[in-house]
Amino acid sequence: MFDDKFFMELPDDPNEAGFMICERVIEYHESDDNHHDGYMQAVGLLEAFYEAHNVPMDWPDLSAKRKRETEQFITLVKNERSKFQTELNVASIKTYKRHFKAMLKNSFAYEFSSGDLDRIQVLVNELRNLINDQSELENGHKQRLLNRLEKLQSELHKRVSDLDRFWGLVGDAGVVLGKLGKDSKPIIDRIKEITKIIWNTQSRTEELPSGSKPPLLSEDENT
């Protein structure tokens, strides 16, 4: 029920991951090939998930194969799925709110030029291809990077209320450099170009002196 591919595709966001786990358990319950061991896996995974995120949860005793206990467990999982869905809806509304506030001309926002916006799209697509083709990155790390790029691209608009997702690429670049060394150059080069675009947009919006350099990047372009 829970293979390596499933774990690699779990999002970083705990609400998204929790929802996916609950969905998988419910789908398994509704299938024709469910059996008791699958429920034991589900209980173990959900307990591990909640412990990892410091969320208390009491499960029914499923030590014996009794239908009442299984139904009790599935009802609980469905309730948890609803809670995760609610949190995702709240987060989605907040994201749309930030986007529409940025679109309103009387609200503060960072505004990309059309050329910069198009260039970032190209660079993100190139990064996705490079990461997919990179055999030296373990699959879990590769999937996390791809998920970050997907999130970034989904929130990429001409006017944005913050640049946090873009600056997160700086940390990703450091990790990739540490893992791949010189082989990371094509990925690092594109992240560096995106970072420069972001900095130029931010410094222009914040009315910093023309030509100000990003403080998080080395003065030496070759370092």
Side-chain angles (χ1 to χ4, degrees), residues 1-25 27 45-46 48-49 52-53 81 84-85 87-96 98-99 102 110 112 115-199 201-202 214 216-217:
M1 178 164 47
F2 302 110
D3 55 16
D4 290 345
K5 184 174 183 292
F6 176 77
F7 286 105
M8 285 188 294
E9 292 177 351
L10 278 180
D12 292 335
D13 183 276
N15 289 314
E16 291 182 16
F19 182 84
M20 282 181 61
I21 291 170
C22 291
E23 278 277 276
R24 177 60 63 90
V25 173
E27 288 172 2
L45 172 56
L46 285 166
F49 177 80
H53 295 283
R81 180 182 62 174
F84 287 125
Q85 183 64 71
E87 291 299 319
L88 290 172
N89 289 343
V90 170
S92 182
I93 289 171
K94 287 181 179 178
T95 298
Y96 282 124
R98 287 197 304 269
H99 167 57
Y110 300 99
F112 295 108
D116 283 345
L117 193 64
D118 291 343
R119 182 58 182 161
I120 291 174
Q121 293 280 17
V122 170
L123 291 167
V124 170
N125 288 331
E126 290 179 354
L127 278 171
R128 183 181 291 108
N129 292 334
L130 286 167
I131 291 168
N132 270 320
D133 294 341
Q134 180 50 254
S135 60
E136 297 301 315
L137 283 176
E138 60 268 26
N139 287 333
H141 185 210
K142 184 183 294 188
Q143 191 61 51
R144 287 193 297 274
L145 290 173
L146 293 172
N147 287 342
R148 182 188 282 276
L149 290 176
E150 183 179 353
K151 278 280 190 182
L152 186 153
Q153 202 161 31
S154 70
E155 296 183 12
L156 183 58
H157 308 286
K158 190 171 179 62
R159 286 170 60 86
V160 294
S161 58
D162 66 66
L163 300 168
D164 295 349
R165 287 201 186 278
F166 298 96
W167 284 118
L169 287 174
V170 175
D172 290 331
V175 173
V176 171
L177 179 60
K179 287 178 177 286
L180 300 181
K182 291 181 179 179
D183 291 339
S184 66
K185 190 176 186 305
I187 295 175
I188 300 298
D189 285 347
R190 283 158 181 81
I191 292 178
K192 182 184 287 187
E193 186 175 346
I194 291 174
T195 303
K196 287 181 178 178
I197 294 172
I198 300 309
W199 174 252
T201 300
Q202 185 167 4
L216 297 179
L217 296 182

Checklist entry - Going by atom types alone, do Gln143 and Asn147 pair a side-chain donor with an acceptor below 3.5 Å? => result yes

Item to check | Working for side chain to side chain contact (heavy atoms under 4.5 Å, CB included), residues Ile131 and Val176 | outcome: CA-CA 10 Å; Ile131 291 168; Val176 171; over 6 Å; no

Checklist entry - Would a distance-only check, ignoring hydrogens and angles, find a side-chain to backbone donor-acceptor pair under 3.5 Å from Ser92 to Leu88? => result no

Checklist entry - Side chains of Val175 and Leu145: closer than 4.5 Å at any heavy-atom pair? => result no

Item to check | Reported CZ-to-CG distance for the pair Arg24 and Leu10, which is rounded to 0.5 angstrom | outcome: 9.0 Å

Item to check | Within-4.5 Å side-chain heavy-atom neighbours: Ile197 and Leu117 | outcome: no

Checklist outcome for this item: Separation between CG (Leu123) and CD1 (Ile191), nearest 0.5 Å, reads 10.0 Å

Checklist entry - Quick one: does Asp116's side chain have a donor or acceptor within less than 3.5 Å of a partner on Phe112's backbone? => result no

Checklist entry - Are the side chains of Arg165 and Arg148 in touch, meaning some heavy atoms are under 4.5 Å apart? => result no

Item to check | Least distance between heavy atoms, Phe84 atom then Pro14 atom | outcome: CE2-O, 4.1 Å

Item to check | Asn15 side, atom CG; His53 side, atom NE2 - distance, nearest 0.5 Å | outcome: 9.0 Å

Item to check | Over all atoms of both residues, closest heavy-atom pair of Ile188 and Ala173 | outcome: CD1-O, 3.2 Å

Checklist entry - Do Phe2 and Val25 have side chains that get closer than 4.5 Å, going by heavy atoms? => result yes

Item to check | Heavy-atom side-chain contact between Ser184 and Lys179 under 4.5 Å | outcome: no

Next on the checklist: Once rounded to the nearest 0.5 Å, what's the spacing between atom CG of Asp189 and atom CD1 of Ile194?
Outcome noted: 11.5 Å

Next on the checklist: For a side chain to side chain contact (heavy atoms under 4.5 Å, CB included) check, start with the C-alpha distance between Phe166 and Tyr110, then their side-chain angles and the critical distance, and finish with the verdict.
Outcome noted: CA-CA 12 Å; Phe166 298 96; Tyr110 300 99; over 6 Å; no

Item to check | Test side chain to side chain contact (heavy atoms under 4.5 Å, CB included) applied to Leu169 and Leu152, step by step | outcome: CA-CA 10 Å; Leu169 287 174; Leu152 186 153; 3.8 Å; yes

